[in-house]
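Lettering of chains follows the sequences in order, A, B, ..., and the numbering in each one begins at 1.
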Amino acid sequence: MNLFNENNASVHLIPSDPNATFYILPNGIGKDRRTIFSNAIQHFHLQLVASPENARFILADEQFDLPKVFSILKLDLSESEEKSLPIVIQIKWLTDSLKEKNLVPLTKDYIFRTPLIRKKTMPSFSQEPVIEEKKTIKNKPKRRLSDDQPQGGCATQVKQRRYSSDDDNNDMMEDYNDTVKNPFKNGELPKGNWMCSMSSQTAKKNTEINKDIIDKLQAMADLYNKTNDKWRAYSYQKAITTIRRCTKRIDSYEEIIKLPGIGESLAKKIWEIIDTGSFEKLEDFQSSEYMTAINLFGNIWGCGPNIAKHWYDQGFRTLNDVRTKAKLSQNQTVGLKYYDEFLERIPRDEVAEIEAVVKEHALALVPGLTIQTCGSYRRGKATCGDVDILITHTDGISHQGLLIPIIDSLRKCGFLTDDLVLSDKYEEDSGSHVKYFGVCLLPGENRKHRRLDIIVIPHNEYACALLYFTGSALFNRSMRNLAHQYNMYLSQHRLNTGVIRKNNSKINMGTPLYTPTEESIFKYLNLPYRPPEERDH
DNA sequence: GCCT
DNA sequence: CAGTACG
DNA sequence: AGGCCGTTACTG
């Protein structure tokens, strides 16, 4: 069922990035066959190159073996440690794919084996603060709460892969697969601090070590988020996730400034917190009448930086001012009504209760629906800010027009108390997203009003929607940004490749990739798979 | 705010 | 369209 | 200098 299970040591599709280039070795392949193969390459949106030097992958006839291919190409097998030699694949892979009308998994059976004996180990990265991730697929039944223990120092640098000591033959194949999985130069990601490539689990364990620093920075980020200075807030947020990953108490300016995503300005502020125990800028903000009001107003659902500022300019300072004097939108009215309740976290168990209610009503309408609670709940958090429920149906049809009936059913029994956002374009053709944002209340004593988000999506978008709705927000942005680097784009609907942008606007939308599972999306992006618990940045 |  | 929101 | 997620989705 799961085509992308991690033990099959295969690659499903080659990411269509500029480096995933293919060359067809003409030897032993007739002209007609060559034409067919060329067309196939293009048909599958792979990049064909005219000369072997530029090719990451060589497609060759099965009559050859690896030394023969390399001799034709005038390449020296023994140089493989220094150079990154192309991967030689049997042309059968392409013919099989044509037969299936889809790229078939690039299993090791398709790859020409090498007789070569590899050198020992790569130089170690002793200078790196820490190497976080060195997970290899090899004989490891997936471990969820991975103990990817950093070697000390701050977990900052990401090395996608490391050549660990290899003394058995299997490693060779493993390396090949690894290379195939990462057609990028040396299998590394593009330059940058890609948090979507890292596990958030290390951060989870280190909540106490630098807590004072994190709390103060978070307070600043929260405040900046309620102003129009969203990029500054973004930087603070990224800095926080970096510090979370540090396994030791930060105690010198030099190590702070080295951390990715932390520059001079933030380093100084962090050092101030360490050195003096206080953060002047934050205290200024917290004692500022303006920031206090902005923060107060900004916690009303539906009130952003601009409305908050507007209200402040009108002289409003308290929630009562807003309640009595401000012109409130529908959403802001609801937001104000449940001001305190919406600021509270929801215990995990209660999320499960809410999920059960929604499931009951939805399944009563259409049996066999796939209903998955996402968000921080799926990421395994003990408490959640709201409840995010994704609904689809494997038949690809039964989801249509389903949202309104579900909402009606939930409303009728008193479970839903207020609506915030309710899209009504459920009659549109496939692909259309349908979402509901509202407020629910479980029956019984001492219950609180909770934010509930429901999306209903066509099944062919399940993986992208699941990925999106599971988050975290920073994780999504990081992953989408990475896709952007590959001339792809990732949204809650699809992962497209071959996108052409001009001045940051898309000229060519590219073509959608087949994304049956979340795993497939990670693979396309050269990322190690991260289960939901590891996306909690 | 940080990064290319 | 600007504003706000979702992960 | 200019990007930082999404041709995201919804409200008014």
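Rounded to whole Å, the distance from OH on A:Y489 to P on D:dG3 is 20 Å. The interatomic distance linking A:W194 (CH2) with B:dC2 (P) rounds to 18 Å, in whole Å.
Nucleotides C:dA5 and D:dC4 have their P atoms positioned 22 Å apart, rounded to a whole Å. Across B:dT4 and D:dC5, the matching P atoms stand 15 Å from one another, rounded to whole Å.
Only A:I300, A:W301, A:G302, A:C303, listed by number, bring a heavy atom of residues 287-303 of chain A to less than 4.0 angstrom from any atom of DNA chain C. Of all the residues in residues 268-286 of chain A, not one reaches under 4.0 Å from DNA chain D with any non-hydrogen atom.
Results of the side-chain hydrogen bond (donor to acceptor under 3.5 Å, both in side chains) test with A:Q237 over A:Q218, A:H537, A:R477, A:R232 single out A:Q218 as the only residue that passes.
DNA chain D is contacted by both A:K506 and A:S235; A:S235 maps to the nucleotide lying nearer its 5′ end (nearest heavy atom per residue).
Note: A:Y486 and A:Y524 fail the aromatic proximity criterion, with ring centroids not under 6.0 Å apart.
Taking only side-chain atoms of A:R501, from C-beta outward, the nucleotide of D:dG6, D:dC5, D:dA9 with the closest atom is D:dG6. For A:V421, the side-chain atoms get nearest to D:dC10 when compared with the rest of D:dC10, D:dT7, B:dT4.
Here chain A contacts DNA chain C (any atom closer than 4.0 Å to a heavy atom, that is under 4.0 Å), and the contacts span C:dG3 to C:dG7 from 5' to 3'.
Figure legend: A:R317 and A:Y312 shown as a cation-pi pair, the cationic atom lying under 6.0 angstrom from the six-membered ring centre and within 45 degrees of its axis.
Across all strands, A:L422 comes closer than 4.0 Å only to sugar-phosphate atoms, never to a base (heavy-atom distances). A:L467 comes within 4.0 angstrom of nothing in the nucleic acid, heavy atoms only. Across all strands, A:F475 comes closer than 4.0 Å to no nucleic acid atom at all (heavy-atom distances).
Here A:W231 lies parallel enough and close enough to stack on the base of D:dC4, with planes under 30° and ring centres under 5.5 Å apart.
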